[in-house]
Structure formats: C-alpha cells, structure tokens
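Comments concern the structure below.
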Amino acid sequence: MQIGEVMRLGEVGFRIVGIFETGIAYEESAGVVSLRDAQEITGKPRQVTFYGIKLDDPQQADSIQKSWRPPCPILPSR
C-alpha cells in the first residue's frame with residue numbers, strides 16, 4: 001500500500017496518509033486509526049481494550065505502575 005491509497009477494513013475505507021517505521025515487526029504490520037473508528041470497526045462503542053504507555057524513563061515503570069489505577073488489569077511491560 002502507498003500513501004494516498006484507500007484501505008478497507010470491513011465496510012469502512014481509510015485513506016493512507018503516512019507510513020511509519022519502528023524497527024519492531026509487529027508494530028510495522030499495524031496501522032493507526034482514531035479511537036472512535038476503532039470502536040466502530042470492532043463493534044465496541046465507548047470501550048477501550050488496551051492501554052499503551054511509553055515512558056521517557058523506563059526505570060520509573062514500577063513506581064508508576066503502583067500509583068496508577070486503570071479500569072482494567074495491567075499487562076507486564078516488555
């Protein structure tokens with residue numbers, strides 16, 4: 001796929017506006033859409049099934065994890 005092309009997910013078409021490279025295979029095989037569009041595609045309005053948090057200082061992960069209380073279980077960091 002190239003910038004400007006339309007990719008269909010089910011009945012919804014999304015125009016590709018950029019391509020990102022991270023060096024991590026599973027991230028590079030993914031795409032980014034708005035939360036509202038993702039909820040509509042999956043049929044889960046007003047729901048979030050995953051939180052991803054990137055820290056400037058990974059050494060703070062344990063203290064942040066202990067102080068943050070999300071409304072769902074925390075997955076181990078990688």
Side-chain angles (χ1 to χ4, degrees):
M1 306 245 39
Q2 296 181 356
I3 293 174
E5 291 184 329
V6 174
M7 176 180 216
R8 298 200 66 76
L9 297 174
E11 299 295 318
V12 183
F14 293 91
R15 183 166 312 283
I16 298 173
V17 297
I19 296 174
F20 62 91
E21 295 180 14
T22 65
I24 300 172
Y26 76 90
E27 288 180 352
E28 290 185 358
S29 64
V32 178
V33 298
S34 71
L35 176 59
R36 184 166 300 209
D37 286 339
Q39 291 168 331
E40 185 176 323
I41 292 166
T42 60
K44 296 184 176 192
R46 303 186 65 204
Q47 297 180 44
V48 175
T49 57
F50 179 81
Y51 287 97
I53 301 171
K54 182 178 179 180
L55 303 176
D56 290 330
D57 180 5
Q59 298 298 321
Q60 294 181 343
D62 287 336
S63 64
I64 291 172
Q65 183 176 0
K66 289 174 185 171
S67 67
W68 190 56
R69 299 287 178 243
C72 62
I74 295 177
L75 299 175
S77 59
R78 53 181 167 113

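Note that the numbering runs from 1 along the sequence shown for the chain. What you see is a predicted model; the values in this text were computed from it and never measured.
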If you look only at distance, which donor and acceptor atoms sit under 3.5 Å apart when one is on a side chain in residues 6-24 and the other is two or more places apart or in another chain?
residue	atom	partner	partner atom	Å
R8	NH2	E11	O	2.7
R15	NH1	G4	O	2.7
T22	OG1	I24	N	3.1
T22	OG1	I24	O	3.4
T22	OG1	E27	OE1	3.1

Residue pairs involving residues 32-43 (criterion side chain to side chain donor-acceptor pair (under 3.5 Å); sequence neighbours excluded): S34-D37
Tabulate below the donor-acceptor pairs under 3.5 Å that side-chain atoms of residues 56-63 make, not counting sequence neighbours, or state none.
residue	atom	partner	partner atom	Å
D57	OD1	Q59	N	3.1
S63	OG	Q60	O	3.1

